Amino acid sequence: MKPQFHIFLFVLYIILTSNSIVSATSQTHFFQQKPNNETILRVSKQLCWGCIGESLEFLFQHNLVRAAKWEMPLMWDFQLEKYAQWWAGIRKSDCKLEHSFPEGEFKLGENIYWGSGSTWTPSDAVKTWAAEEKYYTYVTNTCEAGQMCGHYTQIVWKSTRRVGCARAVCDDGDVFMTCNYDPVGNYIGERPY
């Protein structure tokens with residue numbers, strides 16, 4: 001990529017995160033009062049459900065992680081985003097940390113995230129998943145016993161090309177985020193990169 005494009009992405013990221021920090025600060029102050037349902041609905045809309053800024057933030061953070069391993073950047077896929085929005089909408093009522101596929105029947109890669117409170121951002125989710133790198137050993141292609149690495153390895157999976165994500169503020173005020181990846185990664189016995 002050209003250096004000008006990197007600068008553009010960096011500036012865009014700074015703008016997006018500075019807006020979310022201001023927004024999160026005002027929402028924290030706002031929720032110190034007892035909100036009614038109308039207030040909760042208004043604040044939820046301000047959290048940018050389905051907004052392009054969140055999509056760019058998800059994509060930018062994923063590609064930062066991939067760039068560290070010299071992997072091709074992911075492209076945003078609106079069909080995957082639509083699927084992720086559907087699943088986040090299902091989880092909105094209970095905020096359960098559940099995958100959209102039954103165990104072992106994954107057709108897409110999928111990372112899920114839950115955060116207590118309404119201020120968690122796409123950057124928080126991707127950074128949490130990427131932090132699993134410390135438990136992954138490339139030489140043996142294994143994860144440290146008792147730890148998780150699959151979220152990280154899915155992000156950097158060499159053949160994955162597309163991602164689509166969604167963020168929802170649940171009915172209880174917590175946050176659920178999900179990202180879907182295609183082609184799927186995390187094949188047993190294969191290295192991610």
Side-chain angles (χ1 to χ4, degrees), residues 1-2 4-27 41-69 71-92 95 97-101 106-115 117-131 151-157 159-170 173-185:
M1 287 186 179
K2 294 183 178 181
Q4 296 88 351
F5 186 68
H6 287 277
I7 292 168
F8 169 76
L9 286 177
F10 180 73
V11 170
L12 183 62
Y13 175 72
I14 296 299
I15 291 168
L16 291 173
T17 56
S18 66
N19 287 342
S20 65
I21 290 169
V22 170
S23 178
T25 304
S26 63
Q27 290 164 10
L41 177 63
R42 185 166 44 84
V43 171
S44 293
K45 287 180 180 178
Q46 290 174 351
L47 291 175
C48 204
W49 168 255
C51 147
I52 190 70
E54 285 184 351
S55 302
L56 288 171
E57 188 176 350
F58 274 120
L59 184 62
F60 182 76
Q61 290 297 327
H62 275 85
N63 285 332
L64 279 179
V65 177
R66 289 179 67 84
K69 298 300 177 193
E71 288 301 324
M72 295 286 296
L74 298 176
M75 299 297 294
W76 190 258
D77 186 289
F78 291 100
Q79 291 293 65
L80 293 175
E81 177 187 24
K82 191 174 182 180
Y83 182 84
Q85 287 173 342
W86 165 77
W87 187 242
I90 299 283
R91 295 279 57 95
K92 191 175 184 316
C95 228
L97 198 57
E98 288 183 5
H99 283 285
S100 64
F101 294 92
F106 286 89
K107 305 291 185 233
L108 300 169
E110 185 171 71
N111 284 345
I112 55 177
Y113 177 92
W114 169 86
S118 63
T119 60
W120 299 98
T121 66
S123 293
D124 295 320
V126 178
K127 287 176 183 178
T128 298
W129 298 328
H151 301 103
Y152 165 70
T153 54
Q154 176 57 80
I155 290 173
V156 296
W157 199 262
S159 61
T160 298
R161 294 291 175 257
R162 294 172 295 284
V163 65
C165 306
R167 176 184 179 275
V169 177
C170 299
D174 293 341
V175 169
F176 179 86
M177 289 183 259
T178 180
C179 289
N180 291 100
Y181 307 86
D182 184 60
V184 67

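Owing to the predicted nature of the structure, the values given are computational and were not obtained by experimental measurement.
- Residue pairs meeting the salt bridge (charged side-chain N to carboxylate O under 4.0 Å, His left out) criterion with at least one partner in residues 174-185, sequence neighbours excluded, are R162-D182.
- Judged by distance alone, the side chains of N111 and Y181 do bring a donor and an acceptor atom under 3.5 Å apart.
- Of all heavy-atom pairs between I155 and A130, the closest is CD1-N, 4.3 Å.
- Expressed to the nearest 0.5 Å, how far CZ of R161 lies from CD of E71 amounts to 7.0 Å.
- Side-chain contact between Q154 and C179: absent, with no pair of heavy atoms (C-beta onward) separated by less than 4.5 Å.
- Put simply, the side chain of R167 gets close to the backbone of W120: a donor and an acceptor are under 3.5 Å apart.
- The two residues K69 and Y152 come nearest to each other via the heavy atoms CE-OH, 3.1 Å.
- The main-chain N or O of S123 is never found under 3.5 Å from a side-chain atom of Q61 such that the two would form a donor-acceptor pair.
- With hydrogens and angles ignored, the 3.5 Å screen pairs no side-chain donor or acceptor of Q85 with any backbone N or O of A166.
- Between the side chain of R66 and the backbone N or O of M72 there is at least one donor-acceptor pair closer than 3.5 Å.
- For the pair F58 and M177, the minimum side-chain heavy-atom distance is below 4.5 Å.
- No donor-acceptor distance shorter than 3.5 angstrom exists from the side chain of N180 to the backbone of E110, with no hydrogens or angles considered.
- No side-chain heavy atom of F60 sits less than 4.5 Å from a side-chain heavy atom of V126.
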For W76 and V163, what are the C-alpha separation, side-chain angles and deciding distance, and is it a side-chain contact (heavy atoms from CB on, under 4.5 Å)?
CA-CA 5 Å; W76 190 258; V163 65; 4.1 Å; yes
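- Closest of all the heavy-atom pairs between L74 and L59 is O-CD1, 3.3 Å.
- Using modelled atom types, one side-chain atom of W129 and one backbone atom of I112 make a donor-acceptor pair closer than 3.5 Å.
- Rounding to the nearest 0.5 angstrom, the gap separating the CH2 atom in W114 from the CD atom in E98 is 14.0 Å.
- The aromatic rings of Y83 and W86 sit tilted, their planes meeting at an angle between 30° and 60°.
- Contact detail for V184 and S159: the closest heavy-atom pair is O-OG, 4.5 Å.
- Residue L108 holds its CG atom at 9.5 Å from CG of D77, rounded to the nearest 0.5 Å.
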